[in-house]
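Before any comments, here is the structure.
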Amino acid sequence: MARRLRPVELDFVESAPLRLVFAAEVSAPADAVYRALAVETETWPEWFAAVTHSRPTDGGRQIRLRGGTRFEETVMAAEPATRYAYRVDVTNAPGPHALLEEWRLTPTAAGTRVQWTFAAAGGAPFRFVLRIGRAGLGRAFRDAVTALDRRLAASDRRPGGEPT
């Protein structure tokens with residue numbers, strides 16, 4: 001059953017009752033990481049193992065995760081090579097009242113620092129499940145960013161730097 005979540009604005013990433021923040025460094029430049037996150041959204045299943053389907057929509061995208069969870073999202077910020085953020089508007093997941101995810105990209109000497117913030121509001125059982133699932137979300141993030149970095153490195157080795 002699809003449920004409409006409370007619409008939140010970008011400031012929710014700082015004010016949410018529950019914020020999970022993960023960061024990793026990749027060798028790819030920020031513009032390539034941003035392109036994979038925000039422009040080539042249909043490729044997410046190729047590098048983010050939890051995502052089975054990603055389709056852009058007018059102003060957002062539709063996502064399906066392993067296990068059948070679905071999201072309809074609205075893009076809230078699309079700042080090339082810097083930030084990509086989206087709000088979940090509709091989901092079949094039980095528990096959340098509001099969700100916003102933000103990806104921050106910061107160039108480093110060796111590539112890009114990627115920071116993912118998962119901002120959420122929900123009842124006590126939902127918050128409890130997220131807190132105990134924090135390690136799993138962190139592992140999923142690190143695995144996804146590592147796979148993305150490998151994918152981007154492989155595409156850079158092709159003639160003309162074309163994506164694989």
Side-chain angles (χ1 to χ4, degrees), residues 5 7-16 18-66 69-91 96 98-121 130 134-164:
L5 302 187
V8 293
E9 298 301 323
L10 281 171
D11 62 346
F12 187 71
V13 79
E14 297 297 331
S15 65
L18 181 62
R19 296 174 64 245
L20 304 177
V21 181
F22 307 98
E25 190 164 323
V26 297
S27 60
D31 62 333
V33 176
Y34 177 83
R35 187 175 53 251
L37 289 171
V39 178
E40 301 168 354
T41 61
E42 67 282 351
T43 67
W44 278 50
E46 297 172 23
W47 55 269
F48 206 131
V51 177
T52 62
H53 175 81
S54 178
R55 184 177 73 79
T57 62
D58 187 27
R61 62 187 189 158
Q62 292 179 337
I63 297 289
R64 271 188 258 142
L65 302 180
R66 292 196 192 292
T69 301
R70 295 183 314 274
F71 300 108
E72 292 179 21
E73 301 169 342
T74 297
V75 173
M76 302 297 290
E79 301 167 18
T82 305
R83 175 166 72 158
Y84 182 59
Y86 44 87
R87 172 184 70 211
V88 175
D89 295 316
V90 177
T91 185
L99 294 173
L100 183 93
E101 297 179 41
E102 177 189 65
W103 296 76
R104 286 259 182 194
L105 309 176
T106 306
T108 65
T112 305
R113 180 179 188 271
V114 179
Q115 178 180 294
W116 176 49
T117 302
F118 184 89
L130 277 183
R134 178 185 187 90
L137 279 173
R139 188 172 36 261
F141 164 78
R142 285 187 301 281
D143 291 349
V145 170
T146 299
L148 175 60
D149 199 32
R150 279 194 305 265
R151 183 177 193 281
L152 294 173
S155 70
D156 283 346
R157 288 193 290 271
R158 290 182 51 147
E162 299 166 358
T164 56

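- Residues passing the side chain to side chain contact (heavy atoms under 4.5 Å, CB included) test with T57 are R55, Q62, sequence neighbours excluded.
- Within the model, atoms NE2 of H53 and CZ of R64 stand 4.5 Å from one another, a figure rounded to the nearest 0.5 Å.
- The line from CG of D31 to CG of L105 is 10.0 Å long, rounded to the nearest 0.5 Å.
- Residues satisfying the side chain to side chain donor-acceptor pair (under 3.5 Å) test with D89, not counting sequence neighbours, are T74, R87.
- From Y84, atom OH reaches atom CD of E101 across 10.0 Å, with rounding to the nearest 0.5 Å.
- Between R134 and L130, every side-chain heavy-atom pair lies at or beyond the 4.5 Å cut-off.
- Qualifying salt bridge (charged side-chain N to carboxylate O under 4.0 Å, His left out) partners for E79, counting only residues two or more places apart in sequence or in other chains: R83.
- In plain terms, the two heavy atoms of W44 and S54 that are nearest each other are CB-CB, 4.1 Å.
- Taking OG of S155 as the reference point, atom CZ of R150 lies at 13.5 Å (rounded to 0.5 Å).
- Residues meeting the salt bridge (charged side-chain N to carboxylate O under 4.0 Å, His left out) test with E72, sequence neighbours left out: none.
- When atom types are taken as modelled, the side chain of D149 and the backbone of V26 share no donor-acceptor pair closer than 3.5 angstrom.
- For the pair L152 and A28, the tightest heavy-atom approach, listed with the atom from each and the gap, is CD1-CB, 3.7 Å.
- Note that R61 lies in the cation-pi zone of Y86, set by a 6.0 Å cut-off to the ring centre and a 45° limit from the axis.
- In this structure, R113 has no salt bridge (charged side-chain N to carboxylate O under 4.0 Å, His left out) partners at least two apart in sequence or on a different chain.
- In terms of modelled atom types and a separation under 3.5 Å, the side chain of T117 and the main chain of V21 share no donor-acceptor contact.
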*Go through F22 and L137 one step at a time and tell me if the side chain to side chain contact (heavy atoms under 4.5 Å, CB included) criterion holds.*
CA-CA 9 Å; F22 307 98; L137 279 173; 4.0 Å; yes

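- Nearest heavy atoms, A98 versus F12: CB-CZ, 3.9 Å.
- The shortest distance between side-chain heavy atoms of V90 and L5 does not fall below 4.5 Å.
- Annotation: side chain of E25 is not in contact with side chain of V114 (no heavy-atom distance under 4.5 Å).
- P29 places none of its side-chain heavy atoms less than 4.5 Å from the side chain of P107.
- Looking at T52 and P45, their side chains never come closer than 4.5 Å, going by heavy atoms from C-beta outward.
- Scanning for salt bridge (charged side-chain N to carboxylate O under 4.0 Å, His left out) contacts around E14 gives R19, with sequence neighbours left out.
- A donor-acceptor contact closer than 3.5 angstrom is absent between the side chains of E102 and W116.
- Within the 4.5 Å cutoff, the side chain of T43 has heavy atoms near those of the R151 side chain.
- Looking only at side-chain heavy atoms (C-beta outward), P96 and T91 come within less than 4.5 Å of each other.
- Listed for the T69 side chain is no donor-acceptor partner under 3.5 Å among the backbone atoms of L65.
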*asked:* Please determine whether side chain to side chain contact (heavy atoms under 4.5 Å, CB included) holds for the pair F118 and L100, giving the CA-CA distance in whole Å, both sets of side-chain angles, and the decisive distance to 0.1 Å.
replied: CA-CA 6 Å; F118 184 89; L100 183 93; over 6 Å; no

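- Contact of the W47 side chain with the V145 side chain is not registered, since no non-hydrogen atoms from C-beta on lie closer than 4.5 Å.
- L148 approaches A36 most closely through the heavy-atom pair CD1-CB, 3.5 Å.
- The two residues Y34 and A81 come nearest to each other via the heavy atoms CG-N, 3.3 Å.
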*Show the numbers, then the answer: is there a side chain to side chain contact (heavy atoms under 4.5 Å, CB included) between I63 and V88?*
CA-CA 10 Å; I63 297 289; V88 175; over 6 Å; no

